[in-house]
Number of protein chains: 2
Amino acid sequence: MSAVDKAFHGLRHMIATGRLGAGERIPPEAELGEELGVSRGSLREAVRMLAALGVIEPRHGSGTYVSQLRPEDIIGSLSLTLELLPLPGLLEVYEIRRVLEAHVAAKAAARRTPETVKTLFSLIEAMEATDDPAEASELDHRFHAEIARAAENPTLASLLAVFRARSRKYQVFTLPEGPELRRKSDADHRVLATAIADRDPGSAAGAAEAHVTQTERWLRAFMPPVEEGAQGREKSGEADGALS
Amino acid sequence: MSAVDKAFHGLRHMIATGRLGAGERIPPEAELGEELGVSRGSLREAVRMLAALGVIEPRHGSGTYVSQLRPEDIIGSLSLTLELLPLPGLLEVYEIRRVLEAHVAAKAAARRTPETVKTLFSLIEAMEATDDPAEASELDHRFHAEIARAAENPTLASLLAVFRARSRKYQVFTLPEGPELRRKSDADHRVLATAIADRDPGSAAGAAEAHVTQTERWLRAFMPPVEEGAQGREKSGEADGALS
DNA sequence: AGGGGAAAGTCATCAGATGAATCCTGGCCG
DNA sequence: CGGCCAGGATTCATCTGATGACTTTCCCCT
């Protein structure tokens with residue numbers, strides 16, 4: 001096993017076994033390097049790996065600390081790399097997003113509070129009022145994040161946040177067709193928010209799924225034309241059909 | 001911005017913009033370090049970060065290559081860290097898994113081939129025949145992986161594989177109650193496989209969801225007793241109810 | 001008691017040298 | 001002519017030592 005691997009797995013093991021707890025400061029580089037039997041340089045590379053994965057967090061001048069190890073810490077590490085996905089992979093992500101958005105919408109409808117409903121509709125009004133595509137995108141994100149929050153599963157909420165961040169990079173609202181898409185999107189939001197307000201999980205799930213499907217369709221239509229054939233990975237016609 | 005950050009984002013940008021394509025070899029450390037304006041050591045730390053995230057892959061003596069950037073490459077980076085999640089977070093993961101397993105089961109039922117059905121039942125028979133908990137766990141994994149494969153979404157399949165790997169660490173089958181749990185699990189599998197064989201998406205989804213829920217229940221029952229109260233994060237009674 | 005500054009502790013970065021693995025090239029032999 | 005093999009070139013892996021930057025702590029002075 002290489003030196004960096006030794007340091008990486010050694011450090012990870014110390015965290016997994018609880019010898020280093022969440023939030024705790026790990027020993028200084030020199031000390032830990034000696035204990036693990038690697039040089040400071042190799043240890044630092046292992047530390048950077050765990051930092052990239054959201055497990056630890058070095059602070060210049062202070063020390064290196066184990067993160068809180070909350071699911072969103074771990075999930076968040078995807079946000080830096082998910083945008084490197086080529087388009088075909090992105091469409092697979094959309095299918096996951098569709099299923100999960102439908103789920104959180106249904107759960108949010110079952111558990112909603114009056115505050116949630118109030119927040120959702122005020123976000124909708126702000127969305128309908130603005131002309132700035134960037135602001136609209138931001139409000140759209142907050143709208144969906146609020147629904148995810150109401151579903152009371154922070155892990156799921158952060159996973160969906162990562163997926164949405166990836167989609168937002170394409171900025172469909174800035175296209176010539178933007179205003180039209182915006183109106184359609186706003187209408188979707190009203191249907192979804194109304195279903196949640198009515199405590200109707202089935203309708204909420206359907207509205208959320210339709211909304212994501214619509215977004216996906218725009219992406220397929222307006223984005224990279226995908227070179228013809230020879231890819232062998234495209235499905236035939238129908239999208240899915242089953243479930244939910 | 002720090003030197004490592006400069007190297008990290010610079011390198012990521014080169015990949016995002018296509019200057020470095022999937023599978024391509026990146027310039028040697030000395031050369032790239034000079035171009036990015038950082039020392040070899042700092043560049044190496046940035047390279048390790050991207051490697052931990054599944055974006056690039058250094059090969060000793062040969063060079064450092066951009067990965068294929070397939071979704072499973074990116075998702076796979078979670079497998080090293082997801083097992084560090086404490087139990088409360090794991091239960092949130094289970095909810096996601098439940099929803100997604102139900103989805104892939106339904107989709108598999110709609111798209112199944114005779115070969116898939118044959119494979120599923122042969123795995124079931126192998127599971128029922130073995131006494132080795134480790135082998136049973138391995139076969140269980142392959143059973144669910146086969147269903148995910150039939151759903152024709154590699155990203156989703158690899159995500160579920162990561163989730164399952166996390167659960168397997170607990171090795172419930174090695175408990176005193178193991179044999180009993182195994183029989184129940186086997187029965188679940190037969191119901192699920194039968195629904196898929198019958199091309200019945202609804203039943204398949206229900207069976208998959210019930211199976212995951214059952215597994216989750218075992219984990220709650222037999223694992224770390226979770227210190228009483230004071231946590232404030234536990235839900236009341238009902239699990240979910242809506243959707244699927 | 002409070003403020004300021006020095007000192008210690010720790011991570012960040014760089015430079016240079018050496019080892020290890022792989023790849024390539026050219027010559028040798030069958 | 002083709003295959004094998006040895007040696008050099010290329011590249012990543014690791015270590016060592018030194019210096020800079022940032023944070024925290026603590027003590028002294030007011």
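Here is how names work: the chains are called A, B, and so on, in the same order as the sequence lines, proteins then strands, and each is numbered from 1.
Where DNA chain D meets chain B (any atom under 4.0 Å from a heavy atom), the bounding nucleotides read 5' to 3' are dT10(D) to dT14(D).
Donor-acceptor pairing under 3.5 Å is recorded for the side chains of Thr116(B) and Thr113(B). In this structure, a donor-acceptor pair under 3.5 Å is present between the side chains of Thr155(A) and Glu92(B).
The 5' end of DNA chain D is approached more closely, in terms of each residue's nearest nucleotide, by Thr64(B) than by the other of Thr64(B) and Ser62(A).
Looking only at side-chain heavy atoms (C-beta outward), Val99(A) and Val99(B) come within less than 4.5 Å of each other. Under the 4.5 Å side-chain criterion, counting only non-hydrogen atoms from C-beta, Leu156(B) is not in contact with Pro71(B).
Taking each heavy atom of Leu43(B) and Glu29(B) in turn, the nearest pair found is CD2-O, 3.3 Å.
The aromatic rings of His144(B) and His189(B) stand perpendicular to each other, their planes meeting at an angle above 60°, with 30° marking the opposite boundary.
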* Asked: How does protein contact run along nucleotides 13-20 of chain C, one letter per nucleotide 5' to 3', with B for base contact, S for sugar-phosphate only, - for none, heavy atoms under 4.0 Å?
  -> BB--B-BB
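For Glu146(A) and Arg142(A), the salt-bridge test fails: no basic side-chain N is under 4.0 Å from an acidic carboxylate O.
Qualifying side chain to side chain donor-acceptor pair (under 3.5 Å) partners for Thr130(B), counting only residues two or more places apart in sequence or in other chains: Glu135(B).
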